[in-house]
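What follows is one structure encoded as structure tokens, with my remarks underneath.
First the proteins, then the strands, lettered A, B, ... as listed; each starts at 1. Only this structure's heavy atoms are used, side chains among them; waters, hydrogens and symmetry mates stay out. Since the structure is predicted, the reported quantities are computational estimates derived from the model, not experimental observations.
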Number of protein chains: 2
Amino acid sequence: MLSKKSQYAFKALEYLTLHYKQGPVLISEISKKKKIPLKFLENILLELKKAGILDSKKGKGGGYFLSKDPAKVKVATIVRLVNGPIAMLPCVSLYFYERCKNCDEKKCGLHDMMIEVRDASLGILENRTLKDLV
Amino acid sequence: MLSKKSQYAFKALEYLTLHYKQGPVLISEISKKKKIPLKFLENILLELKKAGILDSKKGKGGGYFLSKDPAKVKVATIVRLVNGPIAMLPCVSLYFYERCKNCDEKKCGLHDMMIEVRDASLGILENRTLKDLV
DNA sequence: TTTTAAGTCTATCAACTTGGTAGGTTATTG
DNA sequence: CAATAACCTACCAAGTTGATAGACTTAAAA
């Protein structure tokens, strides 16, 4: 399941997508409109900024805004960034791969099945962008 | 991601599938062969028994065994039982549904997308059984 | 140049979950 | 009745999650 943090992240990104190219948006505004705890939202937006998804301006008239076209930001990217692996097993993850202990990947039935599940999920998440959220 | 508990559960079930209709199997045997901490495995098997997946016999000559044909036990059932929801959002889960707070399901872009992801995953997990694991 | 508005950083916290252990109890079989 | 093996209750350490507090920095406006 997506963590609350991830859900908040998506709500905030949805709001910023809606206001794309309309200048910086206040954290406090997003917090109010999307009912997200202010300080928690601060952390999330900062993380998204550090990852290059958002950009910000300090001081009066400042705020956050998308650093690129929302149609170019994949949902899969956000999930990986904020929530972690999309795959159900580490040994099947593309971006967070870890070898199985005591289990040969070549003859592990679960392994193959979970690759299928991963690909099925990615088929959707890699082909949807922030623009599709609004 | 599947928890370690879930991964252990699948390993144990794989072992029991392999020994289906060959009489009770000792917890300690599964523990050794599959390298699963004994006492942890006890909990897992007991849970599977309470859910009707396994059956057991006490005393000498006892042990655990599958209570039905492994070809009739869906992987999705086990995942839900041991790991929890398959969906990425509570508001999209079939077996663990919870309403979204501050978010109208009818006009939530994430909601619709996550339904797609759920169905893509279920398309696989609901159509694979323990038999497919070995 | 001071004030004020904003994001940024550090740190802390309670509650919960995860992975695992310990030890005693009950049921079965020989 | 003795041995065996599942069952039950309780507990614990470590990590994660969701959230808050407060001080610091930057930039625009008065």
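A salt bridge does not link A:Glu14 with A:Lys131: none of the charged nitrogens is closer than 4.0 Å to a carboxylate oxygen. One finds a salt bridge joining B:Glu126 and B:Arg80 here, because a Lys/Arg side-chain nitrogen approaches an Asp/Glu carboxylate oxygen to under 4.0 Å. Between A:Glu47 and A:Lys50 there is no salt bridge, since no side-chain N of the basic residue sits under 4.0 Å from a carboxylate O of the acidic one.
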Which protein N or O atoms sit under 3.5 Å from an N or O of nucleotides 28-30 of chain C?
unit_1: C:dT29; atom_1: OP1; unit_2: B:Lys57; atom_2: NZ; d: 3.1

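Heavy-atom distances under 4.0 Å link DNA chain C to B:Lys39, B:Phe40, B:Asn43 of residues 38-50 of chain B, given in residue order.
With a 6.0 Å radius and a threshold of 12 heavy atoms from other residues, nucleotides or ligands, B:Glu29 has its CD atom above the threshold. The environment of CZ in A:Phe96 is crowded: more than 12 heavy-atom neighbours from other residues, nucleotides or ligands sit within 6.0 Å.
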Go through A:Asp55 and A:Ser67 one step at a time and tell me if the side-chain hydrogen bond (donor to acceptor under 3.5 Å, both in side chains) criterion holds.
CA-CA 5 Å; A:Asp55 214 335; A:Ser67 66; 5.9 Å; no
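Counting heavy atoms from C-beta outward, A:Val79 and A:Leu2 have side chains that approach closer than 4.5 Å. With contacts defined as side-chain heavy-atom distances shorter than 4.5 Å, the pair B:Phe65/B:Val25 does not qualify.
The side chain of B:Tyr8 contributes an N or O atom lying less than 4.0 Å from OP1 or OP2 of C:dG20.
Of the candidates D:dA19, D:dG18, D:dA6, the closest approach to any side-chain atom of B:Ser56 belongs to D:dA6.
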